[in-house]
Structures are given as structure tokens and as C-alpha cells.
Amino acid sequence: MKNFFRNIGPGTLVAAAFIGPGTVTVCTLAGVKYNFTLLWAMALSILATIVLQEMAARLGLVYQKGLAETVRITIKWPWLRWLAVALILSAVLIGNAAYEAGNISGGVLGLQTLVENSTLELGNVQFNYLSLLIGAIAFVLLFIGNYKLIEKSLIFLVVFMSISFVVTAVITTPPILDVVKGLFIPKVPDDGWLTVVALVGTTVVPYNLFLHASLVKEKWKDATQLKTARRDTYISIVLGGLVSMAIIICAAAIDATNISTAADLAVGLEPLYGSFSKYFLSMGLFAAGITSAITAPLAAAYVAKECFKWGDGLRSPKFRMVWMFILVLGIVISSMGWKPIEIIKFAQVANGLLLPIIAIFLLWVVNKEKVLGIHKNTRAQNVLGILIVLTTVMLGMRSLEKVFGFSIF
């Protein structure tokens, strides 16, 4: 048991990153609107996460460098190197800014159960002061750098919320045949493409590919521990995926059409907690919002550090400027009066659209023999990786078609 806890690694943080406000919100919306129909999309997302995160973990463990740094080192032509760096930075900064807005909005969604009116007016400008409060907490924790104890406490609440959804999914006794059909028969309703992309975006989080590679090289030091790193990745992601599926199953039992508050989201937990469900879910959303509001800006700062070859420490002005930029942008977007659930859904869609860019870079570097040697991708891994990239591109195109009204296919 002692060895078990010692070997718990970055995979747990990867899973915790996608069991956040975005997952709870998007999975609930998917279950309420489409019942079990989109369970296959979550199953596909879990498979894609396992495949891509294993590649990122293998890269960090064997090559002992992060994804952004590997891309920068591997490309020899200066103009192509800077183009690749610009694409990576754009994808990560845009995606993380949107994700940060969703994280803060998730925390706001939780607090709104306790604070009914959180909107203030300054002249003609309206803003949500709860966004400023959550942003200020994240800022202080990031600035002082001593946030691990608090983060562990908040993660406990997120785990509690996750277990609650799994137990509730069981006691609601969903129709097994419908669940199996939803899992294994892909079907997309006419207005469901954006939701599918959001489910992918909330599970296969692009910045996790950078974070995982960086964390693995800190945890383990050589390829002899590759089996342990893989086991950590597989178990953590599968468990996180089961929680996501449980949320969809719980939401399918909700008799509602309009979901806009934490109380609406919490209806799925009522079979377990009754009238207290909204308070338990609110605490979980607040905790998930804070923990994610810390990790998303940090991941963006790590990527910038690798791209620009900054040798300074994590408390250097340049490193802090990056995470401050992401945090402030997230606060501004979250506080401007838009509905938190709409911001969260937009963030997941944005991440789903940006995912192919990061996945292509990852696939490229893990096929370089001078990077991974005998541990480079096998043919089967490449086939899965290419299918994932093509699928995410197709989903993204379908979503753009629905949003802008032009025909691509």
C-alpha cells in the first residue's frame, strides 16, 4: 500500500484537470438534452485521452523534455521552428484563456447557490464580483507559490463530488440496453455537433499534453519506469472517464429543459442527497473551479518557458507575466455578465477545435527515432493517433459548419 501511494503520479492530475466545472456542466447538458445518445462521444474521448497522454508521458520520461521544448529543439530550420512555436503558443494561450474563463465561471456557478445576486454595475458596465473573488484567490496562491496543501484540500471535495455522481448513476438504475446503445452506436442529433466537440474538449484537454510530459520527467527519471508511468496514466484516465459517463447517466434522469444554475445541475444528485444536493455540488464546483484556475495559467507559463528557453525560475517576472495574463483574461471574460454555463461550454468547444494542432505536433515528435529511440511510436499507435486527429478535425469542421452556416462536407 505504501508503494502504491508512492507511485501515484501525474496521471491523477491529468484526470483531475478534466473532472472540473467544464466536465460537470457539459456532461450534464449532454445527458439532459440527448439522454444516453452521446455516451459514445465520451467513450471516444477517453480512448483519445489515453492514447495521446501515453505519448506525452513517454516523451517526458524517455527524452526528459517537455513537448514544447522538444518541438523547438527538433526543428532545424529557424523560420519553421518559429512558425511551430507561434502555432503552439497561440493554441495554448487561446485555449487556456478560454479554459480559464470556464474554470472561474464554474467556481462562480458554485458560489451563486449561496449568493443570489452577484452582479454589480459601474456606470454602464455590469460585472460579476464573484469572478474577481475567485480570480484573486487564484492569483494569491499562484503568486506565493505555496498552494499545494490548499489544492489537496480542494481536490478532496472534487473527488467527493465525483464519487457522488458514480453512486447516483448506479442507484438511479438506468435502462442498461439504452446505455449500451449510447456507448456503442455512434449517433449525432442535428443540433448535437457542438456538444460532441465540447465533450471531446472537456476530456482531451490540450494543455494536459504539455503538463503531463513536464510532470513525468520530474516524477520518474528513465525509461525503466515506463511501465509504471503507463499504468498510472491508464488507471487515472479510465477512472476519470467513468465519472464523466456517470454524470451523463445521472443527467439523463433530470426532468428539465433549461439548465442555468448549480441547483439545476444538482438535480441529478437528488436521489442520493435530496434537498442538500445543490450545496454538495456547489462546493464541488467551487473547488474544481479554484484548482483548475491554478493549473491552467501555470501550464501556459510552462509552455512559454519551454518555447522561449527561459532559464529563470518559476518566480521570475517573465514566467509570472504569462500566468497573470491568462488569469486576468479569464477573469475579464468570466465577469462580463455572460451566463457561466455558456462560457464553460464555449471553453470546451474552443479546446476541442484547438486539439488537432497540438496532437499533430505530438504525433510528429514521438515518431522521431533520435528523440525516443526504440520507444518511438509503433504502427498501431500511429494508426490510432492519426484516426484521433482526423476525427477531431472532422468534428471541428462540423461544428464550424453549424455555427457559421456554410457546408464543408
Would you confirm whether [X], through its side chain, and [Y], through its main-chain N or O, come within 3.5 Å as a donor-acceptor pair?
| X | Y | value |
| --- | --- | --- |
| Thr74 | Val71 | no |
| Arg81 | Ile73 | no |
| Gln381 | Thr378 | yes |
| Lys217 | Ala213 | no |

In Å and rounded to the nearest 0.5 Å, what is the [atom1] to [atom2] distance from [X] to [Y]?
| X | Y | atom1 | atom2 | answer |
| --- | --- | --- | --- | --- |
| Leu194 | Leu29 | CG | CG | 12.0 Å |
| Leu44 | Thr49 | CG | OG1 | 9.0 Å |
| Leu67 | Leu209 | CG | CG | 7.0 Å |
| Ile326 | Ile331 | CD1 | CD1 | 11.5 Å |
| Ile249 | Met42 | CD1 | CE | 11.0 Å |
| Thr203 | Ile50 | OG1 | CD1 | 11.0 Å |

So do the side chains of [X] and [Y] get within less than 4.5 Å of each other, counting heavy atoms only?
| X | Y | result |
| --- | --- | --- |
| Thr195 | Lys33 | no |
| Leu242 | Ile46 | no |
| Ile88 | Cys307 | yes |
| Leu130 | Phe286 | no |
| Leu142 | Leu298 | yes |
| Val322 | Tyr302 | no |
| Val365 | Leu59 | yes |
| Lys221 | Gln64 | yes |

Any idea which heavy atoms bring [X] and [Y] closest together, and the distance?
| X | Y | answer |
| --- | --- | --- |
| Glu100 | Gly330 | CG-CA, 4.0 Å |
| Ala246 | Phe165 | CB-O, 3.7 Å |
| Leu363 | Asn367 | O-ND2, 2.7 Å |
| Ile290 | Ile134 | CD1-CG2, 3.6 Å |
| Asn96 | Ala296 | ND2-O, 2.7 Å |
| Arg58 | Lys376 | NH1-C, 3.6 Å |

Contacts table for residues 385-393: side-chain donor-acceptor under 3.5 angstrom, sequence neighbours left out:
unit_1 : atom_1 : unit_2 : atom_2 : d
Thr391 : OG1    : Leu387 : O      : 2.7
Thr392 : OG1    : Ile388 : O      : 3.0
Thr392 : OG1    : Val389 : O      : 2.8

So, [X] versus [Y]: side-chain donor-acceptor pair below 3.5 Å or not?
| X | Y | result |
| --- | --- | --- |
| Asn35 | Asp178 | no |
| Glu306 | Ser214 | yes |
| Ser334 | Ser105 | yes |
| Gln225 | Thr228 | no |

*I would like to know whether Leu89 and Phe308 meet side chain to side chain contact (heavy atoms under 4.5 Å, CB included); could you show each step before the answer?*
CA-CA 10 Å; Leu89 279 174; Phe308 294 118; 3.3 Å; yes
*Do you know which of Glu54, Met55, Gln53 makes side chain to side chain contact (heavy atoms under 4.5 Å, CB included) with Val51?*
Met55
*Step by step, would you call Phe36 with Val180 a side chain to side chain contact (heavy atoms under 4.5 Å, CB included)?*
CA-CA 9 Å; Phe36 310 110; Val180 172; over 6 Å; no
*Indicate, with yes or no, if the rings of Trp323 and Phe139 have centres closer together than 6.0 Å.*
yes
*Strictly under 6.0 Å, is that where the ring centroids of Tyr99 and Tyr207 end up?*
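Close enough - the centres of the two rings lie under 6.0 Å apart.
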*asked:* Walk me through whether Trp193 and Met394 qualify under side chain to side chain contact (heavy atoms under 4.5 Å, CB included).
replied: CA-CA 10 Å; Trp193 287 103; Met394 185 272 290; 4.1 Å; yes
*Passes side chain to side chain contact (heavy atoms under 4.5 Å, CB included), Trp40 versus Ile185? Steps please.*
CA-CA 7 Å; Trp40 67 268; Ile185 303 178; over 6 Å; no
